[in-house]
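Worksheet: the structure to be examined is printed underneath.
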Amino acid sequence: FCTAILSGKSVNGFERGLACDAELFVAKVFDRFNSSTDAIHAAFEYFIEKDVHIISMSLGAANFEPIWCDIVDEYLEGGGIIVAGIGNNYTGDAPTIAPGNYPSSYIVGVGAVDYRGRVWADSGGAKLSWPVGSSFSPAVSYIKPDIVGPGAGIVSVEGVDGFDSGSGTSYATPHIAGLLACLWSRDLSQSRDEVLSTL
């Protein structure tokens with residue numbers, strides 16, 4: 001579903017995907033029911049090894065979860081960008097999720113809007129301040145998400161030849177990652193700061 005949004009080809013005459021010519025490196029971190037910290041670490045190691053420029057991450061851990069800080073920092077030191085959904089629990093006890101809520105200018109936290117550009121009711125968002133003594137120091141206040149993308153009533157592929165619709169910041173995330181890929185591909189000599197500034 002998300003990959004087709006990011007880079008799908010034309011299907012039955014309908015265009016699908018923002019960055020159709022992007023080279024994809026896909027890491028499966030979920031089994032049938034859940035994921036694990038080890039699986040996500042292994043995925044980041046794979047992306048580091050392959051020198052992946054942009055990670056589209058439609059998953060996360062609730063609240064202020066620092067479990068991925070070290071591997072995320074290692075990836076970002078290589079010059080990449082992480083585009084991560086901010087979560088679908090705006091009115092709940094976890095209005096944002098990690099790593100989309102990490103205070104890094106190279107992690108783009110993504111919220112969701114509908115086709116009219118209105119913020120989707122469940123899209124995460126909050127004014128945040130990581131606890132003092134956490135992995136991020138000094139503690140600063142900031143607002144997430146950084147940007148919003150189409151994420152309500154999104155139609156994409158399902159299975160081999162079907163289609164389905166769904167809503168969530170998970171579906172807004174590949175829209176933004178695809179847009180970033182298009183912006184960067186126009187001029188690969190751009191720094192990530194220049195690409196993010198354009199975004």
Side-chain angles (χ1 to χ4, degrees), residues 1-29 43-60 68 71-86 99-120 123-125 142-157 163 166-199:
F1 199 101
C2 290
T3 304
I5 294 169
L6 176 62
S7 64
K9 303 289 185 181
S10 175
V11 178
N12 298 328
F14 293 95
E15 294 301 319
R16 172 69 55 203
L18 278 86
C20 295
D21 296 323
E23 184 178 10
L24 295 182
F25 296 88
V26 179
K28 182 178 184 295
V29 297
F44 271 97
E45 288 169 357
Y46 171 70
F47 295 142
I48 291 167
E49 175 190 335
K50 296 296 183 183
D51 193 27
V52 171
H53 288 74
I54 300 167
I55 292 177
S56 181
M57 197 168 178
S58 292
L59 60 100
W68 304 325
I71 194 69
V72 164
D73 283 345
E74 186 179 341
Y75 169 76
L76 293 176
E77 285 171 7
I81 298 170
I82 297 171
V83 182
I86 206 68
N101 64 8
Y102 285 4
S104 168
S105 57
Y106 302 118
I107 299 175
V108 181
V110 181
V113 293
D114 65 18
Y115 72 98
R116 290 181 176 161
R118 298 176 301 198
V119 175
W120 177 59
S123 180
Y142 56 99
I143 295 173
K144 289 286 182 168
D146 301 297
I147 196 168
V148 292
I154 302 301
V155 176
S156 190
V157 297
F163 293 88
S167 299
T169 61
S170 287
Y171 308 138
T173 298
H175 280 95
I176 300 302
L179 177 57
L180 270 173
C182 290
L183 290 172
W184 214 338
S185 68
R186 291 189 313 179
D187 180 1
L188 294 175
S189 69
Q190 295 176 95
S191 69
R192 63 179 170 177
D193 293 286
E194 290 172 321
V195 175
L196 287 169
S197 177
T198 302
L199 179 69

Pairwise distance [atom1]([X]) to [atom2]([Y]) - rounded to 0.5 angstrom:
X    : Y    : atom1 : atom2 : result
Y46  : Y75  : OH    : OH    : 13.0 Å
I176 : I147 : CD1   : CD1   : 4.0 Å
I86  : I107 : CD1   : CD1   : 10.0 Å
I154 : D114 : CD1   : CG    : 9.5 Å
L179 : L18  : CG    : CG    : 6.5 Å
F25  : H53  : CZ    : NE2   : 10.0 Å

Considering all heavy atoms of both residues, which atom of [X] and which atom of [Y] are nearest to each other, and what is their separation?
X    : Y    : value
S123 : A112 : OG-N, 2.9 Å
I5   : S156 : CG1-OG, 3.9 Å
G168 : W120 : CA-CZ3, 3.6 Å
S7   : A19  : CB-O, 3.2 Å
G149 : V110 : N-CG1, 4.2 Å

If you count heavy atoms of other groups shown closer than 6.0 angstrom to CG of D21, is the number above 12?
no
Taking L183's backbone N and O only, do any of them form a donor-acceptor pair with Q190's side chain (distance below 3.5 Å, no angle check)?
yes
Whether D146 side chain and G109 backbone form a donor-acceptor pair below 3.5 Å
yes
Please list, one pair per line, the donor and acceptor atoms closer than 3.5 Å that link side chains of residues 192-199 to other protein atoms, with sequence neighbours excluded.
| unit_1 | atom_1 | unit_2 | atom_2 | d |
| --- | --- | --- | --- | --- |
| R192 | NH1 | L76 | O | 2.9 |
| R192 | NH1 | G80 | O | 2.7 |
| R192 | NH2 | L76 | O | 3.2 |
| D193 | OD1 | Y106 | OH | 2.9 |
| D193 | OD2 | Y106 | OH | 3.2 |
| E194 | OE1 | S191 | N | 2.8 |
| T198 | OG1 | E194 | O | 3.0 |

Can you list every side chain to side chain donor-acceptor pair (under 3.5 Å) pair that touches residues 167-186, not counting sequence neighbours?
N88-T169
With a 4.5 Å limit on heavy-atom distance, are the side chains of F44 and I55 in contact?
yes
Could you check whether any side-chain heavy atom of V157 comes within less than 4.5 Å of a side-chain heavy atom of F1, counting everything from C-beta outward?
no
